[in-house]
Structure formats: structure tokens, C-alpha cells
Amino acid sequence: MVLHTSPYPSAFLSFLSRLSWAFVFPCYWLLDRLLASCVATSLEKRRRSQDPCSFLALGVLISTPLYLVLLLASLPFALIGFLLWAPLQTIRNPYIYSHQKPDKHGAEQGASAGTEAALAEWRPQGRSFCFGSANVCLLPDSLARFNNLADTQRRAREVGKRIRNGASRPQIKIYIDSPTNTSISAASFCSLATQGFRRTSSLDHRPEPVVTTETETEALTECPVHPSGGTSSDCPIHSTEAQNSSECPLHSSAEEHAPDCAVHQFADPQSSGECPVHSNIIQNSEDCPLHPAGVQISITSPDSEPVEDEKGNHQTGDGDTGSLESRTASRESLVRFHAADGGISPNNTLSQHRTSVFKRPIGRKRRHGDDSFDHEISAFFPANLDFLCLQEVFDRRAADRLRRQLHRYFPFVLSDVGRYGWKGCCSRFKFLNSGLLLASRYPILDAHYECFPNGRSEDALAAKGVLFAKVQVGCSAQEQRVVGYITCTHLHAIEGDSSVRCEQLDMLLEWGAEFRRTTLGPTDVEKVLEDQVAFDVILGDLNFDNCSSEDKLEQQHSLFTHYKDPCRLGPGEDKPWALGTLLDTSGLYDEEVSSPESLQKVMENEEGRKEYLVFPASKNHCPSQKGRKIPLKGNGRRIDYILYKEEGLQPDWKVDIEEFSFITQLAGLTDHLSVAARLVVSTGEEET
């Protein structure tokens with residue numbers, strides 16, 4: 001299928017559409033400003049109360065009558081433009097596909113590497129892919145104010161900047177083997193950083209040891225068992241008896257042959273009288289439990305292939321620092337900072353190369369049992385973000401600003417998804433499109449949009465629906481394309497309409513199956529092999545949570561038998577770490593949540609979550625300190641989802657989740673937390 005690069009099939013129709021919109025736009029803009037002047041955000045109310053005679057209040061009094069007069073004058077021109085614009089919507093394409101090479105900054109961070117990776121041979125060990133979803137509330141300014149948000153155009157530009165700044169940074173993780181202490185001092189971090197890093201792929205489940213030379217590593221001068229200043233006579237290792245004994249100093253003789261003893265993993269005390277802790281073989285090993293290197297750091301640049309060569313074979317070239325097929329990189333390329341367009345806004349005050357700290361419980365198996373993956377509350381979008389689905393990108397000018405920012409990292413974008421006006425004699429008039437936007441680092445092969453026909457009330461004024469996309473992520477040794485399927489959606493939002501949402505979920509599954517059936521087979525004479533499917537993912541705002549008693553119908557939908565929700569234990573029960581994604585709009589401008597870092601800290605605190613998240617309310621509710629309802633259970637209303645199929649895509653292939661994140665980087669710009677997940681696609685084969 002040919003992707004639509006223009007909203008209309010001919011240049012003449014596109015010209016007529018632009019001409020008609022030129023007549024309509026003045027009336028649309030004046031009406032938007034008039035309504036916006038009547039609805040103030042909590043921040044504007046606070047400023048007016050602090051200074052009643054401020055210029056802001058005076059400006060509203062003067063501008064409101066002026067907007068009204070100009071609006072009346074523009075109505076005849078708007079009517080002419082509407083009569084020309086409305087018939088054109090019946091033949092309008094349902095989306096616009098744009099492909100643009102990233103700028104120099106994006107290329108250096110790996111944004112242009114998706115095409116190269118899509119054409120590269122699919123390796124037997126598989127790959128990992130990162131998905132993100134966010135509701136950005138880019139409504140016309142007057143409507144956004146009902147959600148306590150203003151200045152849609154500025155927010156659109158800032159949303160794009162923050163997303164690409166977060167996605168283009170190197171991925172830094174600090175793994176701490178202590179089950180209780182997750183702190184790391186700046187001095188210790190710097191000391192580790194100066195020794196050098198090994199760049200790893202996101203497929204690596206544990207960072208490799210820090211590579212150092214003999215001249216870079218200093219001998220151990222302090223015993224890691226007893227504290228500084230302690231006497232060696234009391235130390236079970238440094239004592240004379242312990243050093244001259246063949247018994248293990250860490251446990252009793254009865255447990256001497258315990259297989260889980262970290263000391264006996266490296267030496268056999270029965271065959272050697274030398275203490276394995278002090279042997280030269282493991283003196284500087286990171287696996288030694290007594291060595292002070294209890295913290296490991298992993299950096300993943302935009303690179304999907306594991307690094308096999310630890311030496312410097314780096315070659316300078318365009319896009320090499322972020323190529324998905326690049327195997328090595330210089331240390332400088334991993335820590336370089338690019339301040340695009342003047343840098344990050346004051347509300348995004350975190351360091352660009354912020355580290356993610358994870359507790360790694362001793363002996364935890366990441367691929368087995370519950371919570372077998374990393375999960376965090378992050379102040380940044382994940383590094384190496386491959387696919388991004390956005391909802392509520394309704395305003396056309398804001399969508400253009402956002403798309404330009406995203407194109408600096410994502411080469412492929414589907415935007416302006418949906419339709420306007422009437423289409424068919426029985427359909428309702430649509431003032432807004434679907435609000436969906438899909439950005440990808442991998443080539444988009446096919447796309448399809450379907451509109452939900454059962455919208456009600458004010459939700460029926462928008463063309464909410466489903467966007468299906470097929471992307472190429474590699475090529476097999478038999479020259480079969482390896483593809484993935486992505487579904488973006490935004491369901492009905494009116495509370496209490498569970499039956500409407502369930503009908504929409506039914507349609508989503510039916511349309512998705514039809515889209516995969518029609519696009520999976522051969523499309524031309526030369527291609528005789530079917531595509532291999534690596535993943536099938538659903539992203540979006542489903543407008544129901546898994547803990548509310550009012551959403552029981554949706555919680556038991558068959559969608560969750562076909563797709564896995566990594567945050568869910570079962571109907572009505574989320575995992576303990578799962579977090580609500582709907583923020584209380586009355587507190588969006590509080591100082592405690594005004595920046596990504598401060599919002600992250602609040603979300604990590606149970607009392608903070610109760611204060612700033614929307615919770616499912618109990619029937620017998622009591623007012624809290626700020627008049628909010630007492631939460632029924634859980635950690636807030638989680639209405640933003642990332643679902644994936646685990647099996648059934650290809651024989652012996654399996655999709656597993658590596659990490660899940662709740663993201664606060666869009667603090668102050670939207671009333672939702674963003675979510676992201678990194679999936680690992682394994683083929684069940686071994687690399688030869």
C-alpha cells in the first residue's frame with residue numbers, strides 16, 4: 001500500500017483546502033481566544049489574586065470586547081470558507097506520512113540508524129525495542145484550559161524538545177547489589193567514570209565489568225569487610241588465623257561446600273591452602289563479594305547490537321554514535337551534550353545524562369517469576385526510544401510544531417490522523433481529528449486508520465479511532481522482512497460508558513486482525529515469502545483503569561487474553577509498583593510538581609501520590625486535605641497502557657519485557673504521566 005504523504009490526492013485539492021482554511025482560520029482563532037479569555041488556569045488565578053491590578057487582568061478586560069467585535073466581522077468569510085472546506089473532507093486522506101532525515105544532532109544520537117537496522121540481517125539472538133506512549137493534551141487553547149492547561153503552541157514545541165532530548169541521550173544504568181542501600185556518591189561515580197565504560201546493548205542483562213589497565217587500577221589498600229580505622233585483628237579475613245587457614249572465612253565449616261558461596265565459586269579451599277579472597281586471580285574481580293566495587297554502571301548508546309570489541313576501533317562518521325548497527329564508540333561520543341535550540345527549558349532542569357538507579361536484589365532472576373524486569377519512575381523518556389505514540393494532538397498548528405521537533409530524532413512520522421466534517425450521510429460532524437500521532441525510528445511500510453462509530457456526547461465531536469502501522473525492523477538470512485505491528489488508540493472518555501469502550505475494544509481486535517491478515521502476505525510477484533513478525537504492540541489512552549469498581553466490564557475484556565499488560569496481576573488488581581497516570585489537574589502548577597525531577601520525587605512517595613494523582617473513588621468517600629476523595633485502592637488511575645503479545649507471532653519466537661517506566665519529563669505540559677516499555681524479541685536460536 002502507498003503511504004499518503006499529502007492530505008489530498010491532488011495538488012489542486014490541497015490548494016483548495018488551504019484556501020478555504022485561510023478564510024476559516026481568523027474566525028477560528030478569534031473564537032478560541034475569546035473563550036480562552038473567559039477560562040483561567042489556576043496559575044493565572046493565583047497571579048491575579050496576588051496582584052489584582054496586574055497587566056494580565058487589564059489585558060483580559062481590553063482584549064475580550066475586541067475579540068468579540070473582530071469575531072463578528074470575520075463570520076461571513078468563515079462561512080464562505082466552510083462551504084468550500086466541508087465537501088473536501090469526504091475525499092481527504094486519513095493520515096499524513098512524512099519522512100525526514102534528522103538534523104546533525106539527531107543523526108549523531110542515532111536517529112537515522114533505524115533505516116540501516118531495518119535493512120540489516122536479523123541476528124539469531126534477537127533485538128530489543130523501546131516503546132513510549134503519552135497523552136499530551138494539545139487541544140485548542142480554549143478547550144485545554146478546562147484541563148487547567150494553557151498556551152498550546154508553546155507546550156507543543158516544548159513537548160517535542162523534551163521527548164527528543166530524553167530519547168537521544170545515552171542510556172546509563174547504575175546497578176547496586178545492596179538490597180537496602182541505593183545511594184551513590186558523586187565522588188564514587190566520578191571515580192568509576194574515570195576508569196572507563198564498556199558500552200553495552202540493552203540486551204545485556206547485567207553490565208560487563210569496567211575495563212581497566214594495570215596502570216589505571218590501584219591496589220586495594222582498605223579491607224572491604226571491616227570499616228576504615230578498624231583493627232585487622234578483629235577481621236575474619238585479615239586475622240592471622242584466617243589467612244593461615246584453609247577454611248572459608250565467610251561461613252562455618254558445616255556450610256563449607258555451599259554452592260552459593262561467592263568465595264567457593266572461584267576457588268576450592270580443599271585443594272588450596274591459599275585464601276581465595278586474597279588470591280591474585282580474583283583480587284580485582286567485580287564478582288568478589290568483598291571487593292568494594294559493589295556498584296556497576298552500564299551505558300547504552302542508541303545501538304541495538306551488543307558490543308563485542310572493548311578496544312577502540314571507533315571511526316568517525318555521520319551517525320556513527322547512534323547507529324543501531326554500530327559496534328564500538330569512543331567514550332567522548334557517549335557523554336557529549338547537545339544543547340539544541342538553547343537547551344532545555346527551566347522546567348527541565350535535570351542533567352541531560354541522568355542515570356537510572358535500580359536495586360538489583362541478590363540472586364534475582366530477571367526472566368523468571370513475577371516482577372522479572374526493571375521498573376522505575378523516571379524523569380526522562382528512555383534512551384534509544386524507537387516508537388512513540390501520542391494522543392490528543394488535536395490542534396493543527398500545534399501538531400505541525402510538534403512534528404518538526406520530533407523529526408529531529410524520529411525520521412518517520414504519521415500525523416494529522418483522522419477526518420473532519422461529514423463522511424457518509426449518517427455520520428456525525430467531526431470538529432477534531434483523532435488526535436493520534438505515531439513517530440518511528442524504523443521505516444513504516446503500511447498504515448491504516450479506522451474511526452469508532454459509537455462515540456457519544458462531546459466525545460463524538462472528535463474522530464477518535466485506531467491507527468494501525470506495520471514497520472520493518474530487519475531482514476532474515478532468507479531475505480524475509482522482519483516486521484512489527486503497532487496499534488495506537490484513544491478510547492471513549494465519558495465516565496460510566498463502559499459498554500461503549502468495550503464495543504470499541506471489540507472493534508480494535510477485529511480491525512487489527514484484518515489489518516495483519518491483509519498486510520502479512522506477499523505484496524508483489526518477486527516476494528514469495530511471508531514477513532516474519534517480531535512484535536505486536538498496543539499503545540494508547542484506554543480511559544479505564546484496572547482498579548476502579550466502575551470499570552469492571554473493561555477489566556474483564558478479552559483484550560487481556562490476547563495481549564499482556566506488564567503492570568497487571570489480574571482483573572481489578574495491579575502489581576504493587578504500578579502507578580496511576582492521570583494527574584489531578586488542580587495541582588499541575590504546584591511548586592512540588594513543577595519540574596520533571598520534583599514530580600518524580602513526589603511520585604516515589606506514597607503521600608505525594610495521594611495528593612497529586614487521580615484515584616478511583618469509593619462510594620463512601622470522605623474529603624481529604626484538599627477536598628479530594630479518599631483512594632479506594634492501588635496507586636492511582638492507570639489509564640495509559642502498553643500491551644504486547646508474548647507468543648504466537650513466529651514459531652519459537654518470544655517477546656519478553658526488559659523494563660517498564662513511568663515518566664515525569666512532561667511535568668507542567670500535560671495532565672498525564674507518560675509510560676514506556678522496552679521489549680526483547682528472542683528467536684530461540686543460537687548464534688553460530
Side-chain angles (χ1 to χ4, degrees), residues 41 95 131-167 344-345 347-348 378-382 385 387-410 413-418 432-440 459 462-465 467 488-491 493 539-543 580-585 588-589 593-596 599 614 637-642 661-676:
T41 64
Y95 61 82
F131 302 83
S133 177
N135 185 317
V136 292
C137 197
L138 294 180
L139 290 155
D141 194 51
S142 56
L143 300 181
R145 286 172 175 268
F146 289 98
N147 288 342
N148 201 23
L149 292 165
D151 202 350
T152 297
Q153 308 306 317
R154 179 196 63 82
R155 287 192 297 113
R157 183 171 55 252
E158 187 63 26
V159 165
K161 284 184 180 180
R162 293 193 188 183
I163 291 175
R164 63 178 175 83
N165 282 340
I344 308 175
S345 86
N347 278 342
N348 203 6
S378 174
F380 274 107
F381 276 85
L385 185 63
F387 306 99
L388 175 68
C389 173
L390 300 180
Q391 303 90 47
E392 294 196 10
V393 187
F394 288 118
D395 188 86
R396 294 176 62 176
R397 291 187 300 148
D400 291 339
R401 294 171 186 264
L402 176 60
R403 185 178 65 248
R404 285 195 294 268
Q405 291 294 331
L406 293 178
H407 262 314
R408 302 180 69 173
Y409 178 79
F410 295 100
V413 175
L414 293 174
S415 61
D416 202 6
V417 180
L432 302 171
N433 63 10
S434 71
L436 298 174
L437 183 148
L438 175 65
S440 170
D459 232 38
K464 286 187 174 181
L467 173 65
C488 303
T489 189
H490 189 188
L491 299 188
L539 308 98
D541 181 353
L542 303 188
N543 273 313
T581 59
L582 186 60
L583 297 172
D584 192 328
T585 57
L588 293 179
Y589 299 103
V593 294
S594 59
S595 69
L599 180 57
V614 175
R637 294 202 66 202
R638 183 176 60 87
I639 64 176
D640 297 273
Y641 290 79
I642 297 180
S661 304
F662 296 93
I663 302 162
T664 64
Q665 192 171 8
L666 302 184
L669 302 177
T670 180
D671 57 347
H672 285 243
L673 295 181
S674 308
V675 292

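Heads up: numbering here begins at 1 and tracks the sequence. Only a predicted model underlies this, so the values are computations on that prediction, with no experimental measurement involved.
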Chi angles and distances behind the side-chain hydrogen bond (donor to acceptor under 3.5 Å, both in side chains) call for Arg403, Ser415:
CA-CA 8 Å; Arg403 185 178 65 248; Ser415 61; 3.3 Å; yes
How far apart are the closest heavy atoms of Leu385 and Ala167, and which atoms are they?
CB-CB, 3.7 Å
Could you tell me if the side chain of Arg145 sits less than 4.5 Å from the side chain of Asp151, heavy atoms only?
no
Look at Glu158 together with Arg162 and state whether they make a salt bridge at an N to O cut-off of under 4.0 Å.
yes
Working to the nearest 0.5 angstrom, can you tell me the gap between Tyr95 OH and Leu414 CG?
7.0 Å
Work out which heavy atom in Val393 is nearest to a heavy atom in Leu437; give both atom names and the distance.
CG2-CB, 4.3 Å
Roughly how far, to the nearest 0.5 Å, is CG of Leu582 from CZ of Arg638?
13.0 Å
Report yes if some heavy atom in the side chain of Asn433 is under 4.5 Å from a heavy atom in the side chain of Asp416; otherwise report no.
yes
Whether the Asp640 and Thr581 side chains hold a donor-acceptor pair (N or O, under 3.5 Å, no angle test) is what I'd like checked.
yes
Keeping Asp395 on the side-chain end and Leu139 on the backbone end, is there a donor-acceptor pair under 3.5 Å?
no
Any heavy-atom pair between the side chains of Leu583 and His672 that's under 4.5 Å?
no
Assess the residue pair Val593 and Leu588 against the criterion (side chain to side chain contact (heavy atoms under 4.5 Å, CB included)); give the C-alpha distance rounded to whole Å, side-chain angles, the decisive distance to 0.1 Å, and a yes or no.
CA-CA 7 Å; Val593 294; Leu588 293 179; over 6 Å; no
Looking at Thr664 and Pro596, would you say the former's side chain and the latter's main chain have a donor-acceptor pair under 3.5 Å?
yes
Heavy-atom pair with the smallest gap, counting every atom of Ser434 and Val417:
OG-O, 2.6 Å
Approximate separation, where rounding is to 0.5 Å, of Phe380 CZ and Ser674 OG:
13.0 Å
Do Lys464 and Thr489 have side chains that get closer than 4.5 Å, going by heavy atoms?
no
Test: Arg396 and Asp400 ion pair at under 4.0 Å:
no
If you measure only the distance, is there a donor-acceptor pair under 3.5 Å linking the side chains of Arg401 and Gln153?
yes
Under a 4.5 Å cut-off applied to non-hydrogen side-chain atoms, are Leu388 and Phe381 in contact?
yes
Tell me whether Tyr589 contacts the main-chain N or O of Asn148 through its side chain, where contact means a donor paired with an acceptor under 3.5 Å.
yes
List the steps and the verdict of side chain to side chain contact (heavy atoms under 4.5 Å, CB included) for Leu542 and Ile639.
CA-CA 6 Å; Leu542 303 188; Ile639 64 176; 6.0 Å; no
Would you say that Leu402 contacts Val159 through its side chain, given a criterion of any heavy-atom pair below 4.5 Å between the two side chains?
yes
Where Arg637 and Asn543 come nearest, the two heavy atoms and their spacing:
NH2-O, 4.0 Å
When you look at Leu438 and Leu390, which way does the side chain to side chain contact (heavy atoms under 4.5 Å, CB included) test go after all the steps?
CA-CA 6 Å; Leu438 175 65; Leu390 300 180; over 6 Å; no
Please examine the side chains of Leu539 and Tyr641, heavy atoms only from C-beta on, and report whether any two atoms are closer than 4.5 Å.
no
With side chain to side chain contact (heavy atoms under 4.5 Å, CB included) as the criterion, how do Asp541 and Leu491 come out once you've worked through the C-alpha distance, each side chain's angles and the decisive distance to 0.1 Å?
CA-CA 7 Å; Asp541 181 353; Leu491 299 188; over 6 Å; no
Determine the minimum heavy-atom distance between Gln391 and Ser133, stating which atoms define it.
NE2-OG, 3.2 Å
So, do Leu673 and Ile663 sit near enough that their side-chain heavy atoms are less than 4.5 Å apart?
no
Do side-chain atoms of Arg155 reach the backbone of Leu669 as a donor and acceptor pair under 3.5 angstrom?
yes
Note: Gly668 and Leu149 closest approach over all heavy atoms is O-CD2, 4.2 Å
Output for pair (Gln405 CD, Arg157 CZ), nearest 0.5 Å, gives 7.5 Å
Spell out, as yes or no, whether a donor-acceptor pair under 3.5 Å connects the side chain of Thr670 to the backbone of Asn135.
yes
